[in-house]
Visitor: 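Structure incoming, see below.
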Number of protein chains: 2
Amino acid sequence: MTADGAPKRTVSEARAAAVLNAGVDGAGAWQSVFVDDGKNTIASQLVERLREAIVSGQLEAGAKINLDRAREIFAVSLSPLREALARLIPDGLVIFEDNRGYRVAPVSVTDLREITRLREEFETLALRQATSVAPPEWEGDVMRALHRLNTAERNPADPATLERWEALHREFHLTLLAGCQMPLLLGFCRTLLNLNDRYRRSFLVRTSGDRNVSVEHSEIAQGAVARDADFACERLREHIHRTGSNLAAHLSDRIAP
Amino acid sequence: MTADGAPKRTVSEARAAAVLNAGVDGAGAWQSVFVDDGKNTIASQLVERLREAIVSGQLEAGAKINLDRAREIFAVSLSPLREALARLIPDGLVIFEDNRGYRVAPVSVTDLREITRLREEFETLALRQATSVAPPEWEGDVMRALHRLNTAERNPADPATLERWEALHREFHLTLLAGCQMPLLLGFCRTLLNLNDRYRRSFLVRTSGDRNVSVEHSEIAQGAVARDADFACERLREHIHRTGSNLAAHLSDRIAP
DNA sequence: TTATCAAAAATAATCGATGATTTGTCAATC
DNA sequence: GATTGACAAATCATCGATTATTTTTGATAA
């Protein structure tokens with residue numbers, strides 16, 4: 001651990017949302033993030049904090065990240081801040097230009113379309129591979145992730161439940177893919193999932209009424225553990241496609257193409 | 001530009017290869033890299049220098065990167081060095097662990113297999129898309145890249161020609177894919193190409209006698225500009241697959257699986 | 001009024017020094 | 001002889017201050 005310990009951060013945390021995108025939305029679901037799970041250094045913790053701030057929409061898309069202000073808000077020095085930002089570039093959440101500093105990556109409908117399209121390709125590829133090479137434990141992992149997701153409450157009035165649902169949803173998809181035993185492909189899928197979550201959490205109020213997402217997830221999972229690649233992949237593809245279309249519809253009302 | 005200018009760097013350059021992997025292979029093809037093409041900051045230049053050092057095999061796979069030594073060798077301070085290394089993580093060339101520092105990413109046959117497999121999937125996806133959406137100029141770009149590649153000398157006795165050929169080869173593949181108009185997919189392909197180049201440049205002495213690589217490239221290019229997706233993609237897939245098998249054969253003699 | 005340039009302010013990039021953690025060494029103990 | 005623990009050295013991480021670059025401001029001239 002560092003010398004000064006955690007408390008100071010939690011305090012400055014709350015200010016972060018308020019100051020950085022001055023007074024847009026107040027309620028920060030910040031506090032839940034700090035569970036020091038092996039990420040010892042300030043830079044590493046900062047990566048997670050910044051990622052959450054961007055994915056959750058608390059850091060506005062396209063906004064410039066003023067280093068001095070951010071340094072003060074997060075109560076860190078420049079070195080770990082710059083390093084953390086650099087590590088978010090590959091995730092597609094931050095963009096950088098020499099002597100011009102860092103910005104939050106912008107969002108657009110075409111970007112979302114590409115994410116959706118690539119998710120369809122990559123995730124079905126990974127799932128197909130998983131159904132053929134994953135060890136038996138994988139099936140249990142999938143069913144557990146499914147159960148935890150389906151039993152999680154999702155109350156629009158309570159942001160904490162929404163955030164928990166998001167985490168479990170992400171966990172479900174990654175567990176599904178993890179069986180493929182291809183670390184690079186998994187990394188790409190994780191990146192795309194990150195990017196996609198950002199759109200959903202920023203722009204989707206609730207999923208459209210004509211879908212039963214729980215059923216969709218259950219079908220995918222059952223196909224997967226039955227090692228029925230064609231069925232599982234087809235369901236997964238539909239699931240991704242629907243989510244993408246849904247989001248794109250919401251999105252095009254709100255931002256430029 | 002920085003105040004002190006370029007000369008100092010070129011000098012320290014030569015030492016870099018010698019010191020970092022102490023006396024493994026002497027001949028450095030370093031000098032050619034410094035053409036300050038818009039990359040103004042030390043950190044950005046360092047990214048390119050380090051990338052070249054790793055991809056070319058001058059920085060040994062799996063080796064620890066001692067910050068103090070590297071700092072001295074490259075004649076920079078810690079801040080840009082750390083930042084440059086952080087930016088290479090997403091490319092899969094550098095790995096990092098809290099409080100344990102940076103290492104050159106290791107190589108393995110399974111890693112190479114995955115790279116090859118994913119290149120087959122991603123590059124054919126991109127090429128198929130390109131044949132359907134790329135603008136007319138793209139065809140000219142492809143043919144030019146092909147011509148430059150096919151007329152480049154490749155003399156095993158002269159490392160400079162080999163390096164130039166590598167650059168043109170990379171350029172050809174990227175030009176081919178660039179027509180797809182999908183920035184994320186292009187980024188993934190670029191990453192995979194980087195990783196693949198590293199294996200080729202480190203482990204492949206020469207391509208096996210039963211291949212005529214020029215012809216392979218020409219067929220791919222001609223299929224592409226004719227907008228014959230099936231033909232072009234099939235040739236591309238074979239090309240990638242052959243290169244991968246070839247490399248894997250060389251590799252398994254030399255390192256652990 | 002608009003355009004242009006120079007100075008000033010703001011911001012980004014880098015450095016050298018300091019603090020924290022890991023790794024290596026060696027004696028004491030079982 | 002192997003193991004443990006404390007110390008020392010090496011290495012990594014962070015900070016505050018300095019330097020370089022970009023952006024803004026404001027005065028001048030067309």
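All chains are named by letter (A, B, ...) in the order of the sequence lines, taking the proteins before the strands, and each is independently numbered beginning at 1.
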Visitor: Assess whether atom CZ of Arg201(B) is packed by more than 12 heavy atoms of other residues, nucleotides or ligands within 6.0 Å.
Guide: yes
Visitor: Can you find a side-chain donor-acceptor pair between Thr110(B) and Ser108(B) that sits under 3.5 Å?
Guide: yes
Visitor: Distances under 3.5 Å between protein N/O atoms and the N/O atoms of nucleotides 6-9 of chain C, please, pair by pair.
Guide:
none

Visitor: What nucleotide, of dT22(C), dC15(C), dT22(D), holds the atom closest to the side chain of Asn40(A)?
Guide: dT22(C)
Visitor: In Å and rounded to the nearest 0.5 Å, what is the CZ to CG distance from Arg113(A) to Leu184(B)?
Guide: 14.5 Å
Visitor: Cation-pi between Arg87(B) and Phe96(A): NZ/CZ under 6.0 Å from ring centre and within 45° of the ring axis?
Guide: yes
Visitor: Is any side-chain N or O of Arg100(B) closer than 4.0 Å to OP1 or OP2 of dC12(D)?
Guide: no
Visitor: Would you indicate which nucleotide in dC15(D), dT14(D), dT14(C) comes nearest to any side-chain atom of Leu78(A)?
Guide: dT14(C)
Visitor: Tell me whether the side-chain N/O atoms of Arg69(A) come closer than 4.0 Å to OP1 or OP2 in dT11(C).
Guide: yes
Visitor: Of all the nucleotides listed (dA13(C), dC15(D), dC15(C)), which has the minimum atom distance to the side chain of Ser79(B)?
Guide: dC15(C)
Visitor: Test: salt bridge (charged side-chain N to carboxylate O under 4.0 Å, His left out). Region: residues 169-192 of chain B. Which pairs qualify, not counting sequence neighbours?
Guide: Arg170(B)-Asp197(B)
Visitor: Would you mind reading off the distance between Leu81(A) atom CG and dA13(D) atom P, rounded to a whole angstrom?
Guide: 16 Å
Visitor: Which nucleotide wins on minimum distance to the side chain of Arg82(A), given the candidates dA13(C), dT14(D), dC12(D)?
Guide: dA13(C)
Visitor: With a 4.5 Å heavy-atom cut-off, do Leu177(A) and Leu185(A) have their side chains touching?
Guide: no
Visitor: Using a cut-off of less than 4.0 Å, is there contact between a side-chain N or O of Lys64(A) and OP1 or OP2 of dT11(C)?
Guide: no
Visitor: Quick one: which of dA13(C), dC15(D), dT11(C) gets closest to the side chain of Asn66(A)?
Guide: dT11(C)
Visitor: Nearest-nucleotide wise, let me know which of Arg71(B) and Glu83(B) is further upstream toward the 5' end of DNA chain C.
Guide: Glu83(B)
Visitor: Is there a side-chain contact between Asn99(A) and the phosphate of dT22(D), meaning an N or O under 4.0 Å from OP1 or OP2?
Guide: yes
Visitor: Can you confirm whether Arg71(B) is buried at CZ, in the sense that more than 12 heavy atoms of other residues, nucleotides or ligands lie under 6.0 Å from that atom?
Guide: yes
